[in-house]
Student: 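This is the structure I want to talk about, given as structure tokens.
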Amino acid sequence: MDNTTYDVIVIGAGPVGENIADRIVQGGLTAAIVERELVGGECSYWACMPTKALLRSATALRAARQLPGAREAVTGELDAAAVLRRRDSFASHWTDDGQVSWLDSAGIALYRGQGRISSDRVIEITGEDGVPTSLTARHAVVVATGSSALVPDVTGLREAAPWTSREAAAASEVPGRLAVIGGGVVASEMATAFASLGSVVTVLARDGVLPLAEPFAGERVTKSLEEAGVSVRLGAETASVHRDSDGTVRITLTDGEQVEADEVLIAIGRTPNTQDIGLDTIGLKPGAWLTVDDTLRVIDENGTLVGDGWLYAAGDVNRRVLLTHQGKYQARAVGDVIVARAKGEAVEDDRWGRHVTTADERAVPQVVFTDPEVASVGLTAAAAEAARLRIRVVDYDLATVAGSALHAEGYQGHARMVVDEDRKVIVGFTLVGPDVAELLHAATIAVVGEVPLDRLWHAVPAFPTVSEVWLRLLEAYGR
């Protein structure tokens, strides 16, 4: 068995693991990364990049059709085959040569295979050739193995070979009929994508569409889906699933109704990829989410650090926020804090310190790339009330902003800011409308910076842009 020692070993070479290893190496330490699948992870091949490529062409076509002059130049319908080819290019045709080359240029060692913790700071890797390799970490091991789609124990579902987010993102053909079980981000985006590509889509949204967002966001996305021909069944719950010999999927709902489709996508949540990484050898439960302290060191069910604090977890596996950009944010913090501890430097673990991920708590930005887009950061009004904040909610119709009228004819949208009345700062912001994603970062800065409203009054939005909604919201608040 090959035995090699590095300062830090990272299990998982997705965006989170790659960024951790990069920060470690930039900090002057050595790093090895272990990956059992493609370097680049879920986001690169089965999530963020390919799914947005599936959505973007239809978004551009809708935008053109909303503008006189451009509308007349549109001479055909969406070319589904061309969309799929473009998607393939953004998924690098499911090869990781480019990512592997980057690891090499960054000075990060790559080990392919299933990595398992065998004892404190020791990782054993089983490669495709079956030859075991043992790696030892001088300072830390970081689990960054991500998550997979949750497939519930619904009668017949697994036997029906459902799509998960992976199969949807990598589909080689557009099904004639697609049923989507779920109403969250993945369900809403894939319903939008496949409806635009020509599928007859049925969404079975037991808990509603985008149930964690502000209610008006889900309502507007639901309306848009229905206008696109999607059948949205709010409150529909699946009792059983069966795939016939001819390939037809029959979904029986709890009220007895049946829905037929050619493919069924299950999109109701995620489960951590911790089943086979050796957690049992250090007293943790395989298959469980990993709990971490403020600097992302793993703690057990009693709140005690694993070992002397050598084990960290970043990204989806710690269940703080299951978003790629937030995982990369955690990666920067955990990479830097490991370097600081290894060198005996001060750890900045106060709120908003360099080595903690305070934004995970109340300043998480997210964009849902549906039609219309939903962009949000911080708390919804309901979440702020649950946190016992004394709040004021200010709403504004985006369609009445001059920049919106220029952006598209018939523009429809909505903006909401949630204000902490005791501190006079924004704690939540939601935008719904065409292309609102690019407006989000201004709100993120306002929330993270806890900028007082009387100072925001001096942040003058350029005219005529959609960003003028900031002025209108502040005016509405002042009345």
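Side chains included, hydrogens not; waters and symmetry mates left out as well; all remaining heavy atoms used.
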Student: Please say whether more than 12 non-hydrogen atoms of neighbouring residues, nucleotides or ligands are located less than 6.0 Å from CD in E77.
Tutor: no

Student: Report the C-alpha separation of E385 and R388 in whole Å, then their side-chain angles, then the decisive distance to 0.1 Å, and conclude whether the salt bridge (charged side-chain N to carboxylate O under 4.0 Å, His left out) test is met.
Tutor: CA-CA 5 Å; E385 289 176 345; R388 302 195 175 189; over 6 Å; no

Student: Rounded to the nearest 0.5 Å, what's the gap from CD on E373 to OG1 on T370? Could you check?
Tutor: 7.5 Å

Student: Within the supplied structure, the quantity of interest is the number of heavy atoms (other residues, nucleotides, ligands) at a distance under 6.0 Å from Q412 CD; does it exceed 12?
Tutor: no

Student: Determine whether more than 12 heavy atoms belonging to other residues, nucleotides or ligands lie under 6.0 Å from atom CZ of R455.
Tutor: no

Student: So how far is it from T252 OG1 to Q258 CD, rounded to the nearest 0.5 Å?
Tutor: 4.0 Å

Student: Can you check side-chain contact (heavy atoms from CB on, under 4.5 Å) on V448 and W352, steps first, answer last?
Tutor: CA-CA 9 Å; V448 171; W352 300 114; 3.7 Å; yes

Student: Can you label the angle between the W470 ring and the F429 ring as parallel, tilted or perpendicular, going by 30° and 60°?
Tutor: parallel

Student: Checking salt bridge (charged side-chain N to carboxylate O under 4.0 Å, His left out) for the pair R85/D88: CA distance, chi angles, key distance, verdict?
Tutor: CA-CA 5 Å; R85 287 194 298 272; D88 292 352; over 6 Å; no

Student: Can you tell me how far CZ of R297 sits from OG1 of T291, rounded to the nearest 0.5 angstrom?
Tutor: 14.5 Å

Student: Does the side chain of D360 reach to within under 4.5 Å of the side chain of Q326, using non-hydrogen atoms?
Tutor: yes

Student: Only counting residues at least two apart or in another chain, list the ones meeting side-chain hydrogen bond (donor to acceptor under 3.5 Å, both in side chains) with S57.
Tutor: none

Student: Using modelled atom types and a 3.5 Å cut-off, is there a donor and acceptor pairing between side-chain atoms of H325 and backbone atoms of P365?
Tutor: yes

Student: Evaluate the criterion salt bridge (charged side-chain N to carboxylate O under 4.0 Å, His left out) for residue pair K328 and E18; output intermediate values, then yes/no.
Tutor: CA-CA 9 Å; K328 291 164 72 173; E18 288 179 315; over 6 Å; no

Student: Can you measure from CD (Q99) to CD (E35) and round to the nearest 0.5 angstrom?
Tutor: 10.5 Å

Student: Under the side-chain contact (heavy atoms from CB on, under 4.5 Å) rule, what do V368 and E189 come out as? Steps first, then yes or no, please.
Tutor: CA-CA 7 Å; V368 186; E189 288 188 346; 4.0 Å; yes

Student: Could you give the distance from CZ (R233) to OG1 (T202), rounded to the nearest 0.5 Å?
Tutor: 5.5 Å

Student: Keeping D293 on the side-chain end and L296 on the backbone end, is there a donor-acceptor pair under 3.5 Å?
Tutor: yes

Student: Does any donor atom in the side chain of S147 or D316 lie under 3.5 Å from an acceptor atom in the other side chain?
Tutor: yes

Student: Does NZ or CZ of R392 lie under 6.0 Å from the centre of the six-membered ring of Y477, at an angle within 45° of the ring axis?
Tutor: yes

Student: R270 vs S148, test: side-chain hydrogen bond (donor to acceptor under 3.5 Å, both in side chains). Steps then yes/no.
Tutor: CA-CA 5 Å; R270 308 288 293 178; S148 297; 5.2 Å; no

Student: Heavy-atom count around R351 CZ within 6.0 Å, excluding the residue itself: above 12?
Tutor: yes

Student: Keeping the roles fixed (side chain from R354, backbone from A333), state whether a donor-acceptor pair exists under 3.5 Å.
Tutor: no

Student: Which is it for R250 and D244 under the salt bridge (charged side-chain N to carboxylate O under 4.0 Å, His left out) test, yes or no, and what are the steps along the way?
Tutor: CA-CA 8 Å; R250 301 183 188 279; D244 294 345; 2.4 Å; yes

Student: Hey, does the side chain of R320 reach the backbone of T357 with a donor-acceptor pair shorter than 3.5 angstrom?
Tutor: yes

Student: Return yes when atom CD of E450 has more than 12 non-hydrogen atoms of other residues, nucleotides or ligands closer than 6.0 Å, and no otherwise.
Tutor: yes

Student: Sub-3.5 Å donor-acceptor pair from the side chain of S199 to the main-chain atoms of P175, do we have one?
Tutor: yes

Student: In plain terms, say whether R243 and E263 are close enough for a salt bridge, that is, a side-chain N and a carboxylate O under 4.0 Å apart.
Tutor: yes

Student: Would you say that more than 12 heavy atoms from the other residues, nucleotides or ligands in this model lie under 6.0 Å from the CD of E438, or not?
Tutor: no

Student: Atom CD1 of I338 and atom OH of Y312: how far apart are they, to the nearest 0.5 Å?
Tutor: 5.0 Å

